[in-house]
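Below is one structure; the comments refer to it alone.
Naming convention: chains lettered A, B, ... in sequence-line order (proteins, then strands); numbering from 1 in each chain. Small disclaimer: the values here were computed from a predicted structure and weren't measured.
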Amino acid sequence: MIRFENVGVRYGNGPEILRDISFELEEGGFAFLTGPSGAGKTTLLRLMYLGLRPTRGLIHMFGEDIATLPRRRFPDMRRRIGVVFQDFRLLDHLTTFENVALPLFVDGKRPSEYADDVMELLSWVGLGDHANAYPPVLSGGEKQRAAIARAIVGKPRVLLADEPTGNVDPALARRLLRLFVELNRLGTTVVIATHDHQLLNAAPQARIMTIRDGRLTMTAGGTP
Amino acid sequence: MIRFENVGVRYGNGPEILRDISFELEEGGFAFLTGPSGAGKTTLLRLMYLGLRPTRGLIHMFGEDIATLPRRRFPDMRRRIGVVFQDFRLLDHLTTFENVALPLFVDGKRPSEYADDVMELLSWVGLGDHANAYPPVLSGGEKQRAAIARAIVGKPRVLLADEPTGNVDPALARRLLRLFVELNRLGTTVVIATHDHQLLNAAPQARIMTIRDGRLTMTAGGTP
Amino acid sequence: MSARPSGWGRAGPVFAGRNILPRAHAPLRTFMVAMTVMCFLAAMAAGGMFMTWQAIDTWKAGVVSEATAQILPLDDSPEDVKKRVDEVVRLLRGTEGIRSVRVLSMKENRDLLKPWLGQFGLLDDLPVPRLVAITLDRKNPANIEALDGLIRVKVRGARVDAHGHWVLQLSDMARTAGWLGVAILAGIALAAAILVAWAARAALESNRETIEVLHLVGARDRFIARQVEKRFLRAGFLSALAGVVVAFLIFALLAFIAPSEGIREGAWNMLFGDRQLALRTYVTWAVIVIAATTISLASARTAVIRILQNMFRQG
Amino acid sequence: MSARPSGWGRAGPVFAGRNILPRAHAPLRTFMVAMTVMCFLAAMAAGGMFMTWQAIDTWKAGVVSEATAQILPLDDSPEDVKKRVDEVVRLLRGTEGIRSVRVLSMKENRDLLKPWLGQFGLLDDLPVPRLVAITLDRKNPANIEALDGLIRVKVRGARVDAHGHWVLQLSDMARTAGWLGVAILAGIALAAAILVAWAARAALESNRETIEVLHLVGARDRFIARQVEKRFLRAGFLSALAGVVVAFLIFALLAFIAPSEGIREGAWNMLFGDRQLALRTYVTWAVIVIAATTISLASARTAVIRILQNMFRQG
Ligand SMILES: Nc1ncnc2c1ncn2[C@@H]1O[C@H](COP(=O)(O)OP(=O)(O)OP(=O)(O)O)[C@@H](O)[C@H]1O
Ligand SMILES: Nc1ncnc2c1ncn2[C@@H]1O[C@H](COP(=O)(O)OP(=O)(O)OP(=O)(O)O)[C@@H](O)[C@H]1O
Ligand SMILES: [Mg+2]
Ligand SMILES: [Mg+2]
């Protein structure tokens, strides 16, 4: 599903952030990505969602080498990947509902088709009352939940979540994790970058990828 | 030091987010502010840093009623308060060094006076190598640490930190908490809004303020 | 903390207008103001140019449509001269293509000759020719040469002259004024094009974040470009139109209340009068609106493509 | 992910230029382009207006500095007339304030009278007055009335006329052209003021976040306003100057390579020639730059004060 071979990344002329990363994540896998702040977790996720080309190495996703993928194929690829960004990346001029429905909207679906689904998802993440609020008036945790909802609304085949529970309380974090686990059970490959050790413990079946000093180590873990 | 009397807040015509908040925090106190996501923690901090006027009630800070404080006195008041914003609020066009030194710069100090102090602080929070980097290229945790450094660089008499460890690993979180405790020992009143229960446990002397359904409860706690 | 009003109160969970670029933010509004102001200037310049051209045409036509008949005194008695003058007037009145005929009084005659013959009492005695001012029908002017031949034969010592000399000079002047007007219009149009293209680009640049997010959630380049075009087509067209409408209103006001009769008439003809003139004005104004909108569209489109292509290359 | 270059490579930990508003971002650059373009247009309009005025002045001066002496044939023999003409010329040549004197040939005389007296063979026989063209010294013209008195006394049947009639007409025209130029300049200035004020406000609006953060870390309103003013003073002034300099270069080019001698001379006089004309041009251009900068400064200042005062009121 996702296969890295000797991938290296450096930004500009800076030091190499990621060095010789090689791993494979099978379809339907569930993995946590940890490591100290600034280790390169976000960078690794950016490689996976085509947000950054590696300096060297090969990255296969869905059986294709994304380093040689032509630009016009990007949208198709992206529609199969849901991303929760660390800084949320919500559009301030759209309501929470519109933000969450955005992947469906750009896919050409009509609001009448997806309105109910989106509202249900919003309720699930606790934003039912805020569907018509704009992101600037949401609390930090509410923004994070809107970002999560947007990432999973299209039922992506791969979900990449960058620190998705940094701004919510532990109870809510476990609730959101259940959402990811549920999605994983339906076949989605899930990668969650997090510092939250309690979250790691709450999903014991997951593999744990740790980045330290630019190198990746991976626990065996079991697929569900 | 900080005294709330029957404070209530509602945004526009929305529901009352905070209701009848009354508490007093003595000079040199240390308090954690918790509560579920969307409870009103950020709102309460905004009241304290003059970022929002209460709909009703009295707020005394430094012995003055800030509801009737004229605008031109705000800057003096603000210079005694350091704030770590939940969304960091770094200026993208300034380097990390310049962002952190901003409170000193607007206070009229000369770079030559504070350059060493700022660099030392940056090293302490692990940003020594990133002094000349701009915020858009920092990792999430690095931005958060820059925001913390900016809040404490002016040795404020009150420090308000909103979720200051949501994007850093547990080890770094404890290191940053030590920074707050150290500052508190030197006389700064500290209020930290957080979901991180491990952080709560790491500072047992602190009082814990919990917001739930718009109401505040407060544990007794002991001053250090 | 933001100045944005709290987000309550929108009715349904729909994409308002189904356009997902921000409705109005400062850079887009600047673009719109720039479009309005520059299209206003261009429309004013075009209108002013047409009015000047027309004023010159009118003047030229006035001169062209004038001619003079001269009757030499010869050695006749004043009564005989008068008879010959009456004969000329009769002939002229009978000719098609002549609107009016007027015999200049002796005083007028003298005044016309004054610059050359001086204010001497002597002019009374000098045998000066009698002049008849002829105004031709502009639409269907009489042939001056044929008329001249006729009059010469029919009346002794009489002839008809066109004011050809002046016409030539005026044509030169008109040509100069025409080119000057075109140069001014071209200058303003160029300035407008630069400013409008730039403002469109800047307005789009400030949507970079939105474009990136759209791309990240799987929008195709074509979809994003169409959103941008929709937004700029609407904003640009309406703003350009507003500028031209303001120019129209100013000229319309001139047509009614300008202090000078000439300007009033010129503005009237340009806007409501002569069908061909009015058509020329409106077509030019339409071209201004279309050109400005096209330029801003093209500029925004180029910018969006550049943003999309440069996105996510490296770091 | 952002297009900003990775932030390495700045040397020291200092505030570059000690101005903490962003150096150049799209809205500020739009403001700068608007300043340049509008100041360019205003400077071109002012220059064009001055050149037109000057052309009219030159024409007027040409007419004013001309006069005619007439010598009536009376009943003299041609030789006697010639003597009297020579006498007039001698007198005129001896008068101060006259640059040149020229006796018109018989043919010229006849050509001048042709429009009125026709192309009859008769003119040869008619006793037409002889004309002498006089060109006055523009700086120190002779007094025409005194001259007329003198000539009348000294030479029988002679007199001197100024072209007063034409001067009056030309003054009217010059006044009209002058007001037209002022109206055009005023229109462009107004459009420029609106656009520039708006662009400045928009550029500032897009710094709202920065202003809020500055305020939050304890900056005084005065400090923030000063930062804004520094930024807009510099950006606005330089852009306005650039626009005027481009206009200057275009006129300078005209002064050297314009196809028409008149335009060449006009542009030259306006820029480098007559000290007073040049001074007027440069002062006007300076006023344009100063006014544009002031307007943008005032607009930005008003905007920053409004942002500061509306900040943190409620929600
Ligand atoms: N665009 C960029 N240009 C230059 N350096 C960058 C860029 N983005 C990230 N970096 C640097 O690369 C390193 C890794 O960043 P990354 O965001 O991947 O860390 P992370 O593991 O996600 O950290 P955190 O847990 O704090 O979010 C950091 O030191 C950061 O400063
Ligand atoms: N400017 C605003 N206008 C309207 N409603 C707002 C505004 N800011 C916050 N709210 C609402 O007020 C409530 C409390 O928000 P606040 O940011 O104080 O929560 P919080 O306790 O900080 O939550 P979190 O832990 O998620 O950061 C939320 O429901 C939020 O949607
Ligand atoms: Mg990260
Ligand atoms: Mg909060």
Side-chain angles (χ1 to χ4, degrees), chain A residues 9-12 14 17 43 46 49-55 71-72 74-83 85 89-108 110-112 114-115 118-119 122 130-138 150-151 153-154 156, chain C residues 1-29 203-204 206-231 235 304-315:
Chain A
V9 172
R10 67 169 82 235
Y11 288 110
I17 304 293
T43 303
R46 284 180 68 188
Y49 67 74
L50 312 175
L52 180 69
R53 287 199 194 273
T55 316
R71 260 201 96 264
R72 72 188 150 69
F74 277 26
D76 288 323
M77 195 64 93
R78 288 239 158 78
R79 285 170 195 198
R80 288 183 270 172
I81 307 174
V83 188
F85 299 97
R89 293 193 157 233
L90 301 171
L91 296 180
D92 282 355
H93 61 283
L94 298 183
T95 63
T96 305
F97 176 93
E98 288 168 343
N99 265 292
V100 169
L102 200 56
L104 305 175
F105 180 72
V106 303
D107 199 16
R110 305 180 50 77
S112 55
Y114 57 69
V118 171
M119 282 310 293
L122 281 174
H130 296 83
N132 288 330
Y134 289 89
V137 303
L138 293 182
R150 184 181 65 186
V153 74
Chain C
M1 200 144 315
S2 151
R4 170 188 292 277
S6 59
W8 314 96
R10 278 275 297 287
V14 291
F15 281 94
R18 292 182 67 82
N19 190 319
I20 50 188
L21 293 180
R23 210 88 47 85
H25 59 301
L28 186 70
R29 268 184 269 127
L204 194 96
S206 65
N207 280 324
R208 178 186 285 274
E209 174 76 16
T210 302
I211 290 169
E212 281 188 11
V213 170
L214 287 177
H215 186 72
L216 282 172
V217 301
R220 287 182 210 287
D221 292 0
R222 202 151 25 88
F223 175 88
I224 297 174
R226 207 167 53 232
Q227 294 290 333
V228 166
E229 275 158 18
K230 251 168 46 182
R231 163 69 64 247
V304 76
I305 288 173
R306 223 203 19 244
I307 287 177
L308 284 170
Q309 303 231 310
N310 288 346
M311 219 184 309
F312 314 125
R313 274 276 169 71
Q314 238 297 20

Listed partners of A:Pro103 passing side chain to side chain contact (heavy atoms under 4.5 Å, CB included), at least two apart: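 A:Pro103 satisfies side chain to side chain contact (heavy atoms under 4.5 Å, CB included) with A:Arg150, A:Val153, C:Val217 only.
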By side chain to side chain contact (heavy atoms under 4.5 Å, CB included) - contacts of C:Ala219 (at least two apart): A:Val106, C:Leu214, C:Phe223, C:Ile224
Taking every non-hydrogen atom, the tightest pair across A:Arg78 and C:Gly218: CB-CA, 3.9 Å
A:Arg89 versus C:Leu216, closest heavy-atom pair with distance: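 For A:Arg89 and C:Leu216, the tightest heavy-atom pair comes out as NH1-CD1, 3.6 Å.
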Interatomic distance, C:Glu209 atom CD to A:Leu91 atom CG [nearest 0.5 angstrom]: 7.5 Å
Pairwise distance OG1(C:Thr210) to CG(A:Leu102) - rounded to 0.5 angstrom: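 If we round to the nearest 0.5 Å, C:Thr210:OG1 and A:Leu102:CG are 9.5 Å apart.
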Check: C:Leu308 and A:Arg71 side chains under 4.5 Å, non-hydrogen atoms: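 SC-SC contact between A:Arg71 and C:Leu308 confirmed.
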Heavy-atom check, side chain of A:Arg72 versus side chain of C:Arg222, under 4.5 Å: no
